[in-house]
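Note that the numbering runs from 1 along the sequence shown for the chain. Everything quoted here is computed from the prediction, not taken from an experiment.
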Amino acid sequence: MVTCCRGVGLCRLKVKTSCCPTHCHPCPVLLSQFLYPTLQSCCCRTIHSDAKPKDPFTLAQKDLTSLYDDIKKELFVSKEELKSLCDYYFDGKGKAIRPMIVVLMARALNIHSNRAGDLIPGQRSIAMISEMIHTASLVHDDVIDGSDKRRGKKTINDVWGERKAILAGDFILSAASMALARIGNNTVVKVLSQVIEDLVRGEFMQLGSKENENERFKHYLEKTFKKTASLIANSCKAVSILVNSDPEVHEIAYQYGRNVGIAFQLVDDVLDFTSGANHLGKPSAADLKLGLATGPVLFACQQFPELHAMIMRRFSSDGDVDRAWQYVLQSDGVQQTNYLAQRYCEEAIRQVSMLRPSPERDALIKLTELVLTRDK
């Protein structure tokens with residue numbers, strides 16, 4: 001099998017490239033450049049200090065200690081049942097990846113902007129709001145998908161029913177909107193409002209599929225941005241707006257969040273095939289059972305064209321899920337998706353390396369490694 005310069009199998013996008021000299025079979029490098037031209041060549045170098053970066057979780061811990069307590073204060077209601085619904089996922093057992101990224105980016109940007117590293121109140125609010133918007137979207141997603149398990153426990157819709165789950169998600173989102181308005185910066189409000197629009201558009205995109213193979217992958221990556229990466233990208237941009245007026249700095253923050261966010265979801269899609277249900281905290285092969293063709297499936301379709309018909313009927317026929325699962329495991333779909341995630345992380349590193357050196361900046365670089373190597 002022909003491979004590119006990083007040893008990954010080539011695919012079928014008919015565009016020439018110096019990285020992939022033959023185009024009989026598009027590689028992830030080429031495909032990602034075709035869809036997202038900001039990605040640089042696969043041989044880009046990591047530019048950061050030689051000092052061993054601190055663990056991102058440890059570095060952000062001080063600012064995250066009271067995160068969930070602060071969220072619960074925002075969600076304060078007198079009605080006991082609504083309070084129980086809203087507090088259900090804010091139990092401190094989530095990964096808190098999004099607020100951690102926001103905290104580290106905010107502190108790195110403060111240092112870059114010749115300020116003290118500590119967060120200003122508006123930045124702390126954005127970290128909290130990012131987790132609230134994310135959690136509200138999970139509550140609604142579980143209703144749409146009919147899921148009965150999330151983070152290793154029953155979903156809100158499984159415990160309280162779909163109607164109350166929808167209302168709980170709405171209430172969390174309204175509380176996030178109120179907290180956002182109190183920041184008092186119209187540009188920040190506009191940036192984070194875009195996240196909510198993207199979440200809805202992404203959900204609609206997930207309901208559809210594309211006949212053409214290249215259009216299908218573009219559709220998948222655009223959906224991935226809207227449903228996952230937009231929140232991280234725009235939250236990072238929002239904390240930059242509060243301390244720096246330079247649009248180039250805003251773009252660095254945005255692009256870091258965007259690339260890490262897409263990589264995070266690509267790895268998540270891989271884990272759906274490689275991680276056991278107990279480890280992941282939700283049923284494995286969940287995406288196939290929902291009729292979703294993620295990166296591993298789309299890459300596997302290049303080696304097993306039989307998957308095309310299954311994708312178009314959303315794995316609805318008897319045996320489709322099991323057969324698709326086997327095709328993915330027999331292909332290099334998992335490896336190619338992992339490699340594409342690596343490419344996005346390399347671009348995230350390139351972007352954030354433009355900021356002034358700081359422990360927080362290097363922790364953001366370290367975080368890309370954790371994104372790629374996580375197993376849940």
Side-chain angles (χ1 to χ4, degrees), residues 40 44-70 92 94-131 134 183 188 229 231-264 267 341-342 344-375:
Q40 302 298 304
C44 67
R45 295 180 179 179
T46 300
I47 311 165
H48 55 92
S49 65
D50 294 331
K52 185 178 179 180
K54 290 185 179 181
D55 174 63
F57 294 93
T58 303
L59 201 56
Q61 189 60 41
K62 180 183 72 172
D63 291 305
L64 296 178
T65 300
S66 62
L67 175 74
Y68 291 110
D69 287 339
D70 291 343
K95 293 185 285 288
I97 289 287
R98 289 152 190 84
M100 181 184 66
I101 292 174
V102 173
V103 163
L104 292 174
M105 179 60 75
R107 288 167 62 176
L109 288 164
N110 291 352
I111 293 168
H112 181 80
S113 306
N114 297 312
R115 292 171 173 260
D118 292 340
L119 300 189
I120 62 174
Q123 291 174 326
R124 191 182 301 277
S125 294
I126 290 168
M128 178 185 69
I129 290 164
S130 70
E131 186 69 359
H134 170 60
I183 293 174
V188 168
L231 174 57
I232 303 174
N234 284 296
S235 296
C236 287
K237 182 177 181 177
V239 293
S240 76
I241 290 169
L242 291 179
V243 294
N244 197 301
S245 60
D246 186 351
E248 291 186 4
V249 174
H250 302 168
E251 186 67 10
I252 289 169
Y254 177 88
Q255 288 297 335
Y256 175 85
R258 173 185 167 278
N259 282 282
V260 163
I262 292 174
F264 186 91
V267 172
Q342 180 184 337
Y344 278 104
C345 281
E346 287 175 352
E347 176 61 11
I349 291 171
R350 191 186 74 85
Q351 292 286 341
V352 79
S353 293
M354 297 179 194
L355 297 181
R356 179 177 296 175
S358 67
E360 287 78 9
R361 187 202 69 166
D362 288 348
L364 289 168
I365 291 170
K366 174 71 174 177
L367 183 66
T368 63
E369 177 187 327
L370 301 179
V371 165
L372 293 172
T373 58
R374 72 189 183 94
D375 56 6

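The minimum heavy-atom distance linking Val371 with Ala263 is given by the pair CG1-C, 4.1 Å. The two residues Ile101 and Cys236 make their nearest non-hydrogen contact at CG2-SG, 3.7 Å. Nearest heavy atom pair, residue Ile111 against residue Pro357, reads CG2-O, 4.5 Å. Residues Ala238 and Val188 come closest through the heavy atom pair O-CG2, 3.8 Å.
Taking the side chain as every heavy atom from C-beta outward, Glu360 and Leu355 never approach each other to under 4.5 Å. No side-chain heavy atom of Asn259 sits less than 4.5 Å from a side-chain heavy atom of Tyr254. At a threshold of 4.5 Å between non-hydrogen side-chain atoms, the residues Asp63 and Met100 do not count as touching. Proximity of Arg107 to Val103: side-chain heavy atoms (C-beta onward) are separated by under 4.5 Å at one or more points. Counting heavy atoms from C-beta outward, Tyr256 and Leu367 have side chains that approach closer than 4.5 Å.
Leu370 contributes atom CG, which lies 8.0 Å from atom OG1 of Thr368 (distance to the nearest 0.5 angstrom). Remark: Leu59 CG to Lys366 NZ distance equals 13.0 Å, nearest 0.5 Å. Taken to the nearest 0.5 Å, the CD atom of Glu369 stands 11.0 Å off from the CD atom of Gln342. Distance CD/Glu131 to CZ/Arg98: 7.0 Å, rounded to 0.5 Å. Here the CZ atom belonging to Arg115 is positioned 8.5 Å from the CG atom belonging to Asn244, to the nearest 0.5 angstrom. How far CD1 of Ile241 is from CG of Asp246: 12.0 Å, rounded to the nearest 0.5 Å.
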| task | Decide yes or no on side chain to side chain contact (heavy atoms under 4.5 Å, CB included) for Leu242 and Ile126, but give the supporting numbers first. | result | CA-CA 10 Å; Leu242 291 179; Ile126 290 168; 3.7 Å; yes
| Can you list the steps and then say if Phe57 with Ile97 is a side chain to side chain contact (heavy atoms under 4.5 Å, CB included)? | CA-CA 9 Å; Phe57 294 93; Ile97 289 287; 4.0 Å; yes
| Stepwise salt bridge (Lys or Arg N to Asp or Glu O under 4.0 Å) test for Arg124 and Asp118 | CA-CA 10 Å; Arg124 191 182 301 277; Asp118 292 340; over 6 Å; no
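Both tests pass for Arg374 against the ring of Phe264: distance under 6.0 Å to the centre and angle within 45° of the axis.
Checking Ser66 against Asp70 by side-chain atom types alone, a donor-acceptor pair falls below 3.5 Å. When only modelled atom types and interatomic distance are considered, Asn114 and Arg356 share a side-chain donor-acceptor pair under 3.5 Å.
Checking side-chain atoms of Ser130 against main-chain N and O of Ala127 turns up a donor-acceptor pair under 3.5 Å. Using modelled atom types, no side-chain atom of Arg361 and backbone atom of Leu109 make a donor-acceptor pair closer than 3.5 Å. Using modelled atom types, one side-chain atom of Gln123 and one backbone atom of Val239 make a donor-acceptor pair closer than 3.5 Å.
Residue Ile365 is tested with Pro56, Ser353, Cys345 for a side-chain contact (heavy atoms from CB on, under 4.5 Å); the sole match is Ser353.
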